[in-house]
Amino acid sequence: MLPARVCNLQDSPGRGAVLKFRGQKPMEKKVSNWPEQLRDLWSGEIEWDSPMARWCTLQVGGPARAIAIPASREELQSLIAVLAKLGVCWRVIGRGSNLLVSDAGYEGVIVMLGRKFATIDKRAGKKADETLVQVEAGCSLMKLVNWCVAQGLQGLEFAAGIPGSVGGAVVMNAGAWGKEMSEALTSVVFLRGSGEFVERKKGELAFSYRHLETEGMLVVAAEFLLQAGDHQALDIRCGQLMRDRKEKQPQGQANAGSFFKNPAGLPAAGKLIQDAGLKGLRVGGAQVSEVHANFLVNTGSATAQDFLDLMRLVQEKVLERFGVRLEPEVHIL
Ligand SMILES: Cc1cc2nc3c(=O)[nH]c(=O)nc-3n(C[C@H](O)[C@H](O)[C@H](O)COP(=O)(O)OP(=O)(O)OC[C@H]3O[C@@H](n4cnc5c(N)ncnc54)[C@H](O)[C@@H]3O)c2cc1C
């Protein structure tokens, strides 16, 4: 287990970096018997000492002391208030499809927004062919895409096959085929560490490549502006994109999608790794995929440390060969 630490806001949600704490004011000490107190003060669902390997698509990672699974905004709000009161570190996750958790695990609370936090609603947009869709952060992106197709709404087809949650996809500004989440998005509802909900319109949000600046806030819901489209044509398009993924990406081996960000103005990370001759490179049970060099895959027995060591080895070799330091896209906890 990691040593006990004190913080009062969500651990920094990455930027592909190792976990850091935001520069918050020090607060009261973490209450030593916080697990008992959490159980007494919060009535929602909690899993104790749950291996993160179960919750992350890389299938590695040690136990989280607690995984709290709120089923409503009220439960989420009360959870964050209780965690602040107890001085416990927390981190929100969606589907764990862009996350590498250390073998030591996480000595705090993982707040998981999942299927219970996944409503989808719609209302008419300003123009006749426009619809505004409001989605809670725990909704899977695939469920949203399928719902949009069934409703004949276009704008999110590019996300077909991205295995994350809507919250994770917004925070990551997930993208594919030249499109990204920020394009169709109109606003995001956040929960601050201090407990209030705030809505930010798109113009107030700082999106960049695979990143949204959340200022440590938690994404609760997002709204998208979509256009009327033909249900059948949308279905065919999504089916095609899914087949393209199957062809280009490793199948049947645990992974987290593209491991590294594409460096600006240079060949894609996958091309650099391939041209450095690193396809198939292996550390323990972690391997550079033979199918797509920007995918690091779990051959079955990998540990988080194997992935970290392989990541560093790939970074070193690409730097040596091309003078480019690859930045991980995957968030490391
Ligand atoms: C097979 C495969 C294919 C993929 N293809 C793509 C692709 O084409 N394009 C692409 O962009 N990505 C892709 N990914 C990566 C991943 O699916 C996306 O980044 C996805 O958006 C992550 O969502 P998640 O819910 O799994 O987030 P997690 O992995 O659970 O979390 C990622 C980060 O977001 C933070 N976070 C999650 N939810 C919230 C929230 N509600 N509020 C605040 N912070 C939050 C977490 O703390 C963490 O720092 C792929 C992954 C896999 C396994």
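Only heavy atoms go into these numbers, but all of them, side chains included; no hydrogens, no water, no symmetry mates. In each ligand, atom 1 is the first atom listed, and ligand 1 is the first ligand listed.
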Enumerate the atoms of ligand 1 whose separation from the nearest heavy atom of Arg210 is less than 4.0 angstrom. 11 (O)
Of Gly114, Gly175, Gly167, Gly257, the residue with the heavy atom nearest atom 7 (C) of ligand 1 is Gly175
Please identify which atoms of ligand 1 are closer than 4.0 Å to at least one heavy atom of Gly164. 17 (O), 20 (C), 23 (O), 24 (P), 25 (O), 26 (O)
What atoms in ligand 1 come closer than 4.0 Å to a heavy atom of Met172? 19 (O)
Value for CD (Gln287) from CG (Asn255), rounded to nearest 0.5 Å, stands at 12.0 Å
Are any of the N/O atoms on Phe295, whether in the backbone or the side chain, positioned under 3.5 angstrom from an N/O atom of ligand 1? no
Any idea which atoms of ligand 1 are less than 4.0 Å away from a heavy-atom of Ala174? 10 (C), 11 (O), 21 (O)
Using a 4.0 Å heavy-atom cut-off, which part of Arg95 comes near ligand 1: side chain, backbone, both, or neither? both
With a 4.0 Å heavy-atom cut-off (strictly under), which part of Ala176 contacts ligand 1: side chain, backbone, both or neither? side chain
Test your reading of the structure: does Ser165 have an N or O sitting under 3.5 Å from an N or O of ligand 1? yes
Applying the 4.5 Å side-chain criterion to the ILVMFWY set and letting contacts propagate, would Leu144 and Leu225 be lumped into a single cluster? no
As an exercise, identify every atom of ligand 1 less than 4.0 angstrom from a heavy atom of His331. 33 (C), 48 (C), 49 (O)
Establish, from distance only, whether the side-chain atoms of Gln315 and Arg312 form a donor-acceptor pair under 3.5 Å. no
I need the contact type for Leu141 against ligand 1. Using non-hydrogen atoms and a strict under-4.0 Å cut-off, is it side chain, backbone, both or neither? neither
Does the N or O separation between Ser258 and ligand 1 drop below 3.5 Å for any pair? no
Report the part of Ile93 in contact with ligand 1, treating N, CA, C, O as backbone and CB onward as side chain, heavy atoms under 4.0 Å; options are side chain, backbone, both, neither. both
Would Thr57 count as a polar contact of ligand 1, with the cut-off being nitrogen or oxygen pairs under 3.5 Å? no
Salt-bridge criterion met for Arg210 and Glu327 (N-O under 4.0 Å): no
Tell me whether Val171 reaches ligand 1 (any heavy atom closer than 4.0 angstrom to a ligand atom). yes
Going by the closest heavy atom to atom 1 (C) of ligand 1, which one wins out of Leu99, Val219, Asn255, Leu212? Asn255
Lys122 versus Gln134, side-chain donor and acceptor atoms under 3.5 Å: no
Say whether Ile162, considering both its backbone and side-chain N or O atoms, lies within less than 3.5 Å of an N or O atom on ligand 1. no
Sub-4.0 Å atoms of ligand 1 with respect to non-hydrogen atoms of Leu218: 42 (N), 43 (C)
Give a yes or no on whether a salt bridge exists between Glu45 and Lys116, defined as a side-chain N under 4.0 angstrom from a carboxylate O. yes
Hey, could you give me each pair passing ring-ring contact (aromatic ring centres under 6.0 Å, His included) that has a residue in residues 257-307? Not counting sequence neighbours. His292-Phe295
Listed partners of Glu290 passing side chain to side chain donor-acceptor pair (under 3.5 Å), at least two apart: none
Run the salt-bridge test on Glu223 and Arg123 with the 4.0 Å N-O cut-off and return the result as yes or no. yes
Does NZ or CZ of Arg95 lie under 6.0 Å from the centre of the six-membered ring of Trp55, at an angle within 45° of the ring axis? no
Check each of Ala221, Ser97, Pro163 against atom 4 (C) of ligand 1 and report the one with the nearest heavy atom. Pro163
Heavy-atom contacts with Ala169 under 4.0 Å: which atoms of ligand 1 show up? List them by number with element. 21 (O), 23 (O)
Pairwise side-chain contact, Leu333 with Leu100, heavy-atom cut-off 4.5 Å (strictly under): no
Can you sort out which atoms of ligand 1 are near Arg91, meaning under 4.0 Å from one of its heavy atoms? 47 (O), 48 (C), 49 (O)
Check Arg245 against ligand 1 and report side chain, backbone, both or neither, counting heavy atoms closer than 4.0 Å. side chain
Does Glu199 pair with Lys201 as a salt bridge, N-O distance under 4.0 Å? yes
Is Leu113 close to ligand 1, meaning an N/O of one under 3.5 Å from an N/O of the other? no
Ala256, portion touching ligand 1 at heavy-atom distance under 4.0 Å: backbone
Please report the interatomic distance CZ(Phe224) to OG(Ser187), rounded to the nearest 0.5 Å. 9.0 Å
Salt bridge or not between Arg73 and Glu136? Use side-chain N to carboxylate O under 4.0 Å. yes
